[in-house]
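Take a look at the structure below.
Note that the coordinates shown come from a computational prediction; the quantities given were computed from them, not determined experimentally. Remember, it's 1-based here, ligands and their atoms both numbered in the order they're listed.
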Amino acid sequence: MVDRKTNRVITLEEYIIQAQNKFPGATGELSQLLRDIGLAAKIISREVNKAGITNILGEDGSTNVHGESVKKLDLFADSQLISALNRSEITCMVVSEENDGIVELDSDGGKYIVYMDPLDGSSNIDVNVSIGSIFSIYIRKNDSKEPLTEQDGLQPGTQQVAAGYVLYGSSTMMAYTTGAGVSLFTLDPSIGEFVLSDSKIRIPDHGTIYSVNEGSYHSWDEGLKQYVKYCQVEDSETHRPYKARYIGSMVADVHRTLVKGGIFIYPNSSQYPNGKLRLMYECNPLSFVIEQAGGMAIDCKGRIMEIRPEAIHQRTPIFIGSKQNVLKVKEFLDKYAPERIQN
Ligand code: AFP
């Protein structure tokens with residue numbers, strides 16, 4: 001996108017400052033935090049792009065808090081983001097997929113709490129498929145003189161002050177929201193800057209793509225099985241059969257859903273009774289982005305962002321995407337499990 005007055009591209013830095021100037025009382029701290037994340041994202045993007053030609057690919061031999069093997073780039077991304085956030089001393093605490101407990105930062109009264117999945121979809125790294133970083137920002141509620149605990153971070157997604165993701169794909173893109181729509185940036189490698197691609201991206205109300213790991217079909221609830229059958233039936237009026245697309249990197253699957261519409265699903269199943277994806281650093285931030293773009297995100301019962309978290313690494317089922325598609329899957333879920341319906 002080009003600035004009409006100056007006829008030149010708008011960088012992430014400029015955009016953040018312009019947005020901040022619209023709020024005369026703003027301290028500039030949230031803007032700084034977003035710029036810190038943008039800087040770390042550029043460094044991670046550079047390493048992701050040269051992963052195949054350095055010795056950075058592959059597993060480092062350890063496992064993370066969920067027992068999954070840790071890839072070297074995961075650790076690199078984790079440390080880059082933490083040190084970028086540490087530098088400006090406005091973030092008091094980070095919760096990361098890569099760390100079991102909370103990570104306290106060297107801030108003197110810093111009020112922000114950042115959740116992040118530094119490199120989501122990392123099992124795709126070795127096969128050169130898109131991966132991403134996800135972030136979610138909250139304000140600390142209790143007195144900054146009290147010692148920090150996990151409780152400080154256990155806030156529902158509706159309390160997020162900003163959230164977003166960086167997608168390392170055929171190009172590197174960053175999308176974020178502060179609750180006033182979703183802005184999308186593309187990294188221009190020739191100038192080393194994120195430049196504005198869209199300042200108010202909207203998800204289509206209805207899409208013709210469904211995205212779910214169908215290999216797990218037999219472990220799903222009946223409602224979901226019936227919904228997927230519905231997606232596969234021919235019906236010209238509703239543009240069915242829908243296309244099936246599943247990358248296995250939530251950021252990439254949700255980004256496609258944001259741009260093209262449709263639905264991404266990671267359900268509860270007999271294998272994962274509470275779903276697999278993490279509420280605080282995968283589902284809440286991406287739900288905030290999708291809702292701000294006009295879409296919807298629910299678990300089996302209600303809105304993802306209204307779930308009261310009980311643990312920092314909690315999991316949840318998720319159905320996220322275009323409004324009409326999410327409402328339709330909800331119809332099927334409710335029909336086959338009416339006891340779950342929330343009033
Ligand atoms: P990894 O980071 O271990 O690759 O997991 C990716 C992820 O958390 C999410 O990004 C995907 O949507 C989902 O897991 C894929 O899970 P399945 O392999 O079970 O389909």
Taking N or O atoms only and a 3.5 Å limit, does [X] qualify as a polar contact for ligand 1?
| X | value |
| --- | --- |
| Ser122 | yes |
| Tyr246 | yes |
| Ser123 | yes |
| Lys276 | yes |

Quiz item: With a 4.0 Å cut-off on heavy atoms, does Asp120 reach ligand 1?
Solution: yes
Where ligand 1 meets [X] - atom numbers and elements under 4.0 angstrom, heavy-atom basis:
| X | result |
| --- | --- |
| Phe264 | 12 (O) |
| Leu277 | 7 (C), 8 (O), 9 (C), 13 (C), 14 (O) |
| Glu282 | 8 (O) |
| Tyr266 | 16 (O), 17 (P), 19 (O), 20 (O) |
| Met250 | 9 (C), 10 (O), 11 (C), 12 (O) |
| Asn213 | 17 (P), 19 (O), 20 (O) |

Would [X] and [Y] pass as an ion pair if we require N to O under 4.0 Å?
| X | Y | result |
| --- | --- | --- |
| Asp334 | Lys330 | yes |
| Glu222 | Lys335 | no |
| Arg35 | Glu13 | yes |
| Arg315 | Glu282 | no |

Quiz item: Got a donor-acceptor contact below 3.5 angstrom from the Asp78 side chain to the Asp74 backbone?
Solution: no
Quiz item: Is the distance between the ring centroids of Tyr230 and Phe332 under 6.0 Å?
Solution: yes
Practice problem: Please confirm whether Tyr242 and His206 have ring centers closer than 6.0 angstrom. | Solution: yes
Quiz item: Just how far is it from atom OG1 of Thr316 to atom CG of Asp299, taken to the nearest 0.5 Å?
Solution: 4.5 Å
Quiz item: At a non-hydrogen distance cut-off of under 4.0 Å, which region of Ser249 contacts ligand 1 (side chain, backbone, both, or neither)?
Solution: backbone
